[in-house]
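Input: a single structure, listed below in structure tokens.
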Amino acid sequence: MAIKIGITGGIGSGKSVVSRLLEIMGIPVYISDIEAKRITNTNEVIRRELCALVGREVFQNGELNRPLLASYMFGHPEHVKEVNGIIHPQVKEDFRHWSVRQENKPLVGMESAILIEAGFKDEVDFLVVVYAPLEIRVERAIKRDCSSRELVMRRIEAQMSDEAKRSHADFVIVNDDETPLIPQVLELISLLSKNNHYLCPAKNN
């Protein structure tokens with residue numbers, strides 16, 4: 001049974017870069033943001049429950065009406081909780097099925113910016129937090145998203161803090177544009193490969 005690695009980090013931390021390095025090294029990674037978008041468009045349970053919650057116009061021409069859903073959630077934490085309560089359980093279930101299909105792999109990953117907040121931590125055996133200093137994260141996000149500093153800071157402030165994330169971590173990868181990434185990823189793989197018999201299976205397996 002594969003050891004499941006959870007990969008998380010704040011906006012601009014570089015968790016996607018770490019995920020790509022793992023994939024290059026032969027470790028498949030489930031990118032929850034991409035898969036959640038796919039599932040939201042195709043899963044009948046999600047479609048039915050979102051229509052009941054927001055209205056049938058939340059889907060147009062078979063596709064999720066993202067601006068409408070975003071406006072429904074913006075400024076309403078209770079609405080965000082309701083929508084997440086519809087989508088996150090289906091993502092968890094999809095990850096479980098995906099993991100089974102990777103049973104011949106010794107290690108697999110799950111990348112999610114909200115891995116801890118969404119309750120996905122229970123789905124993995126080992127939690128990796130990718131960390132970068134705040135100013136570097138802000139600069140990366142501004143450049144990547146062609147966004148303003150104000151909007152990036154607002155998004156960062158809405159997320160769990162780096163300190164809180166790191167308190168949950170089994171392993172921290174520093175991505176500060178100075179510390180080499182590849183040796184850290186190799187250290188992670190070596191650690192898990194040598195010590196996998198000490199790890200408990202994920203709680204839902």
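Sequential numbering from 1 along the given sequence is applied to the chain's residues.
- For CG of Asn104, the number of neighbouring non-hydrogen atoms (other residues, nucleotides, ligands) closer than 6.0 Å is greater than 12.
- Nearest heavy atom pair, residue Arg47 against residue Thr40, reads CG-O, 3.9 Å.
- Hydrophobic clustering places Ile39 together with Leu115 (ILVMFWY residues linked when any side-chain heavy atoms are closer than 4.5 Å, directly or through intermediates).
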Report the C-alpha distance between Asn41 and Glu63 in whole Å, list the side-chain angles of each, state the deciding distance to 0.1 Å, and finish with yes or no for side-chain hydrogen bond (donor to acceptor under 3.5 Å, both in side chains).
CA-CA 6 Å; Asn41 275 328; Glu63 296 286 323; 3.2 Å; yes

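- A distance of 7.0 Å separates OG of Ser147 from CD1 of Ile142, quoted to the nearest 0.5 Å.
- Between atom CD of residue Glu49 and atom CD1 of residue Ile87 there is a gap of 10.0 Å, rounded to the nearest 0.5 Å.
- A distance of 4.0 Å separates CD in Glu117 from CE in Met160, rounded to the nearest 0.5 Å.
- At least one side-chain heavy atom of Tyr72 sits less than 4.5 Å from a side-chain heavy atom of Leu53.
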Go through the steps to decide whether His79 and Phe74 satisfy the test ring pair (Phe, Tyr, Trp, His ring centres under 6.0 Å), and finish with yes or no.
CA-CA 8 Å; His79 290 180; Phe74 184 76; over 10 Å; no

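- Annotation: side chain of Thr8 is not in contact with side chain of Glu111 (no heavy-atom distance under 4.5 Å).
- Summarising the geometry of Gln90 relative to Asn43, their closest heavy-atom pair is OE1-ND2, 3.3 Å, with the distance given to 0.1 Å.
- No continuous path of hydrophobic side-chain contacts links Ile114 to Val124 [ILVMFWY only; heavy atoms under 4.5 Å].
- Comment: Glu135 engages Arg149 in a salt bridge, judged by a side-chain N to carboxylate O separation of less than 4.0 angstrom.
- Using a cutoff of 4.0 Å between basic side-chain nitrogens and carboxylate oxygens, Asp145 and Arg155 are scored as salt-bridged.
- Counting heavy atoms from C-beta on, the side chains of Asp122 and Phe120 never come closer than 4.5 Å.
- Atom CZ of Phe59 sits about 8.5 Å away from atom CG of Leu69, to the nearest 0.5 Å.
- In this structure, Lys143 does not pair ionically with Glu139, as no charged nitrogen and carboxylate oxygen lie closer than 4.0 Å.
- In this structure, Ile31 and Ser19 approach most closely via the heavy-atom pair CD1-CB, 4.2 Å.
- Under the 4.5 Å side-chain criterion, counting only non-hydrogen atoms from C-beta, Asn175 is not in contact with Thr179.
- Side-chain contact between Ile136 and Asp176 is present, with at least one heavy-atom pair separated by less than 4.5 Å.
- Within a 6.0 Å sphere centred on CZ of Arg56, heavy atoms belonging to other residues, nucleotides or ligands number 12 at most.
- Using a 4.0 Å cut-off between charged side-chain N and carboxylate O, Lys81 and Glu78 make no salt bridge.
- If you chain together hydrophobic residues whose side chains sit under 4.5 Å apart, Leu186 and Leu188 fall into the same group.
- Under the 4.5 Å side-chain heavy-atom criterion for Ile, Leu, Val, Met, Phe, Trp and Tyr, Ile34 and Leu21 are members of the same hydrophobic cluster.
- The closest side-chain heavy-atom distance from Val108 to Trp98 is below 4.5 Å.
- To the nearest 0.5 Å, atoms CD (Glu35) and CE (Met110) are separated by 9.5 Å.
- Checking Val174, Val130, Val18 one by one against Ser13, the side chain to side chain contact (heavy atoms under 4.5 Å, CB included) holds for a single residue, Val130.
- Of the inter-residue distances, the one linking Ser161 atom OG with Arg166 atom CZ reads 11.0 Å to the nearest 0.5 angstrom.
- Not a single donor-acceptor pair under 3.5 Å links the side chain of Asp125 to the backbone N or O of Ile3.
- In this structure, the side chains of Met25 and Ile182 come closer than 4.5 Å at one or more pairs of heavy atoms.
- A salt bridge links Asp177 with Arg140: the distance from a Lys NZ or Arg NE/NH1/NH2 to an Asp or Glu carboxylate oxygen falls below 4.0 Å.
- Hydrophobic clustering, with ILVMFWY side chains joined whenever heavy atoms are under 4.5 angstrom apart, groups Ile173 together with Leu191.
- For Tyr131, the ring-ring contact (aromatic ring centres under 6.0 Å, His included) criterion is met by no residue, not counting sequence neighbours.
- The closest side-chain heavy-atom distance from Lys4 to Ser99 is below 4.5 Å.
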